[in-house]
Trainee: 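Sharing a structure with you now.
Being a predicted model, the structure only gives us computed values, none of them experimental. Atoms within a ligand are numbered from 1 in the order they appear, just like the ligands themselves.
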Amino acid sequence: MKFNFEDSVMYVKGVGPLRAKALEILNIRTMYDLLTHYPRSYEDQRNVTPIAQARIDEQVVLVGRLSNINFRTARNLKILDAILTDSSGSIQITWFNQEYLLKKFKTGTRLMVIGKIKVNAWSEALSISQINSFAILEPDEEISLGIKPVYASTAALNQSFFRVAIKNLLEKMPPIPEILPAELISEMNLMPLDAAIRAIHFPADELQLSEARRRLAFDELFLIQCGLMLIKRQSREEQCGIICKKNGALVNKLLTSLPFKLTGDQSKTFATVAQDMESKFPMRRLIQGDVGSGKTVIAMLALVKAVENGYQGAFMAPTEILANQHFETFTKMLSGLSVKIGFLSAKVTRSKKMREEIYNQISSGELDIIIGTHALLQEGVNFAKLGLIITDEQHRFGVAQRAALSKKSAGVPDMIVMTATPIPRTMTLTIYGDLDVSLIKELPPGRKPIKTYVKTIRNRKKVYEFVLNEILQGRQAYVVCPLIERSESEKLNYIDPAEEIFEKLSRGVFKDIPCALIHGKLKPSDKDNIMTRFRDGEIKLLVSTTVIEVGVDVPNATVMVIENAERFGLSQLHQLRGRVGRGSEKSYCILVSNSKQGDAKTRLDLMETTADGFELAEQDLKLRGPGEFFGESQHGLPDLKVANVFRDIQTLIEARNAAEKFIANSADLNYFNQLRKNLALAYGDKFNQINQA
Ligand code: ADP
Ligand code: MG
C-alpha cells in the first residue's frame, strides 16, 4: 500500500474518530500534520534521582509511592498534599486546584513525578514545586528512561497519547525522501531529513537533538529565503516595470519649495528611489526610518515623480487620522504644483454619491495622488494608470494586502514600504528578504532630545503636577495606559487601566483642564473626533491606550506619561515616545512603573539612556524574543515550526547564503517549482501569501 502523508491522521494506530476530532483543535488532520507536530519542549528522564539525593532548585525525576494524601481549601486555593517515598527517603508534593486527582490517588499509588525541588521557608523541608508532569505507574511497570518529548496539547489529549501515536507513525512510515540537493546537505553538514524528523521527536541525546533541530530549522529558513529570492528574481527578470525619466520640472520645483533642506539620509534615500523608478525593474523598496526621521517627504517626492511621468500614485496609511494628516500635509506642500490629490477612507465611501465621485476621479485619471486607508483596497477602486504604491507603517498591513493593491494596476507598479519600527537586520532578512532596504538614521536638525525619566508610582503626584504646569504654559500632554478597563485576570497584577486613570485625573489635578479618553473600543468616528480636537488644541490632556502609537503629529504636545510602563516593549515605548518632541519646545517622556526588578527595570533604564530606535529594537529582541517584539498578529512572519529567527541567527545566515548560491547557480526552473511545492506543503497559506506579493 502506498503511504500518503496527506491521508487522514486516523490511519495512525491509536487514533480513532474521537481523538481525530480532538486533534482538529490543534489543526492536526493528516499524518503529515501529526508528524510535524514537533515537541514544544523535552523532559530529561534519563535518570531517576533517589529522593534523598534531590537538591534545591534541581529539576528531577522521582519515582515513589504516595501516602498521607490530604486535601484542603485555603483562600480560594484547593490544595492537595501527599508524601512521596522511595527506598532512600520521602518528600512532600503539592498540587493546586486539581481536585480530581483525589479520585486517582490512593495510599500506595506508584507515581513518577518530574519537577523542581524547593525548600519550604517555614519548615525548611524540601518539597516538589512546579510539577512539570507526573504519571501513575502500574506496581510492576518498568520505567522507560530517555529524553521525552513534550507536545502542545489540549485537555482531551495527554502527553502519553502523543508519544505513543507519533511513535506508531514513525514505525509505520517509510523513510522520508530528501528535499534538498545532496551537495548542499554534505556541504552544510546537515543531518538527513528522515533522521532529523525521527530525532526531533525521540532524540537519543542532546547532540542528536541539536543536529535535528539545526537541520529542520535550516530547511525552513532555506526554503523561505529561496522563496523570497524567487519573488525578487521574478520581479526583476520576468516582469518589466515602469521606466521613469530623470527628475524633471515638477520634482525640482517641489525640491526647491520645501520649507527645509533634506538631510543627508533623506537625499540619499530619494536618490536611490529615483534610480529605482528610472530603471526597468519594478521597485520593491523598504524604507526604514525612526519616528520623526522625515519619511513623508520621501513619499511625496516619489509620488510627484510618478505623476511627472504620467502615472498615478497611491499612498496608504493604516488609520484614518494618519491618512488625513498625510492628505493635509500633501495639500499644503504641493499647493504650488499642479497636482490633484484625493482622499479615500471608509468614511468617504459611506455616502454613495461621494464614493462614486471619487471612484470616478480615480478611474478616469483625474486624480494624480490618492491618499487613503484600507478603503483603497476595496473592489470598486480602479486606477487609470497606477505607477507607484506606498504603504506607511507597513507592519500593520499584511503582505497579502500589499499584493491586493498592486493587482489594481494593469502593469507592474513600483512599490515602497515605509516603516518606523526599526527592524533588526536579521528580521529584515526573514520578512522582507524580497525587498531592497534604505535606512534613514539621521534626524532633521534642531530636534531637541526628549528627556526621559523613570518614576515609581509613589512619585505620581509630582509627575502630574509637572504635567499640569506644562499644560498651564500652553502645551498638551498624553497619558498612555496598557489597558482600557480592569479585567478579571489582571486583578492580581498592579495595573491601572485607562478608564480609572482618566477618572482620577479629570476629577483631580486636571479638573479645570479639558481632558479626553480615547481607546480602541470607541467607534472610529468618535476616535477621529477626539484626535482632531486634540490636534487642534481644544483638548489639553489625552488619556489613551496605544491607539495613538502610530504616527500622529501634534507638535504642541510636549509631555507623555506612560503608566505601567513595564508592560510595554522597548520598541513600543520608543514609538510612543516619538509622539512628543515634534515641535520646537523641550519635550518629556515619563515612564511610571512599580516594577523595580529584572527585565522590566533593565528595559526602562535603557529608555532613559538611549534615544536610538535601532539599538532599542535590538535590545528588545534580545530581551523578549521575536513573538513579543512584533506583537501577535502583526509580524507577518511565516509560521516557523522549528526555527527561531532570533536564536538561530547563525543558521539563518547560512541558509541565506546557501539560498543565494543555489538560486544563482541553478537554471533549472523545475527544481524551483519543486521547492515551491515543498514550501507550500510546509508553510501552507502563509507561503501562498508571500508568493503573491
Ligand atoms: P516620520 O518619518 O516619522 O514619518 P515625518 O515625515 O512625519 O516623520 O517628519 C517629521 C517632521 O519633521 C515633520 O514635521 C516634517 O515636516 C519634518 N521634517 C522632515 N524632514 C525634515 C528636514 N530635512 N528638516 C527639517 N524638518 C524636517
Ligand atoms: Mg510617518
Side-chain angles (χ1 to χ4, degrees), residues 251 254-273 285-304 313 315-336 341 369 371 373 390-397 416-423 437-450 476 478 531 535-537 546 548-558 560 571-585 587 589 611-614 616-617:
V251 172
L254 173 56
L255 277 170
T256 50
S257 73
L258 287 176
F260 44 72
K261 200 170 153 278
L262 292 184
T263 64
D265 279 353
Q266 282 173 322
S267 299
K268 221 164 56 198
T269 304
F270 179 58
T272 318
V273 165
R285 184 162 293 277
L286 173 71
I287 299 180
Q288 277 182 274
D290 213 341
V291 275
S293 62
K295 295 182 292 295
T296 315
V297 66
I298 306 291
M300 197 181 298
L301 285 162
L303 287 162
V304 166
F315 191 14
M316 188 160 77
T319 63
E320 172 116 21
I321 175 109
L322 250 184
N324 213 315
Q325 191 176 289
H326 285 324
F327 179 69
E328 284 175 13
T329 309
F330 274 55
T331 308
K332 203 164 66 200
M333 294 185 52
L334 299 180
S335 59
I341 309 165
I369 295 175
I371 299 175
T373 60
I390 304 183
T391 54
D392 193 9
E393 315 286 347
Q394 125 82 26
H395 59 296
R396 311 227 150 192
F397 291 113
I416 295 177
V417 167
M418 301 197 311
T419 176
T421 308
I423 304 168
V437 181
S438 292
L439 283 182
I440 306 183
K441 288 201 102 167
E442 198 180 345
L443 291 181
R447 288 282 159 80
K448 296 212 172 106
I450 303 161
Q476 288 163 275
Y478 298 99
M531 279 317 298
R535 191 193 52 198
D536 296 345
T546 53
I548 55 141
E549 186 183 342
V550 172
V552 190
D553 205 11
V554 184
N556 191 44
T558 55
M560 172 169 290
S571 288
Q572 207 179 4
L573 288 173
H574 182 67
Q575 290 272 300
L576 287 167
R577 176 167 68 179
R579 299 303 112 222
V580 295
R582 305 204 137 216
S584 50
E585 298 296 334
S587 293
C589 175
D612 181 341
F614 283 84
L616 289 170

Trainee: Have H574 and D612 got a donor and an acceptor in their side chains that come within less than 3.5 Å?
Mentor: no
Trainee: Need the ligand 1 atom indices (1-based, order shown) with element for anything under 4.0 Å from a heavy-atom of T263.
Mentor: 23 (N)
Trainee: Please walk me through it: do I440 and D290 pass side-chain contact (heavy atoms from CB on, under 4.5 Å)?
Mentor: CA-CA 7 Å; I440 306 183; D290 213 341; over 6 Å; no
Trainee: By salt bridge (Lys or Arg N to Asp or Glu O under 4.0 Å), which residues pair with E442, not counting sequence neighbours?
Mentor: none
Trainee: Should F260 be counted as touching ligand 1, given the test is an N or O pair under 3.5 Å?
Mentor: no
Trainee: Taking 4.0 Å as the limit for heavy-atom contacts, which would you say applies to L262 with ligand 1: side chain only, backbone only, both, or neither?
Mentor: backbone
Trainee: List in chain and number order the residues that pass salt bridge (Lys or Arg N to Asp or Glu O under 4.0 Å) with K441, two or more places apart in sequence or in another chain; answer none if no residue qualifies.
Mentor: none
Trainee: Which atoms of ligand 1 have any heavy atom of T296 under 4.0 Å away?
Mentor: 4 (O), 5 (P), 6 (O), 7 (O)
Trainee: Quick check on contacts: which atoms of ligand 1 are under 4.0 angstrom from a heavy atom of K261?
Mentor: 22 (C), 23 (N), 24 (N)
Trainee: For ligand 1, is there an N or O atom under 3.5 Å from any N or O atom of P444?
Mentor: no
Trainee: For ligand 1, does R582 get within less than 4.0 Å through its side chain, its backbone, both, or neither, judged by non-hydrogen atoms?
Mentor: side chain
Trainee: Tell me whether G292 reaches ligand 1 (any heavy atom closer than 4.0 angstrom to a ligand atom).
Mentor: yes
Trainee: Looking only at the side chains, is there a donor atom on one of R285 and S438 sitting less than 3.5 Å from an acceptor on the other?
Mentor: yes
Trainee: List every atom of ligand 1 that sits less than 4.0 Å from any heavy atom of S293, numbering the atoms from 1 in the order shown and giving each element.
Mentor: 2 (O), 8 (O)
Trainee: Do the non-hydrogen side-chain atoms of T391 and I416 ever get within less than 4.5 Å of each other?
Mentor: no
Trainee: With side-chain contact (heavy atoms from CB on, under 4.5 Å) as the test, would you mind laying out the steps for F330 and L303 before giving the verdict?
Mentor: CA-CA 10 Å; F330 274 55; L303 287 162; 3.6 Å; yes
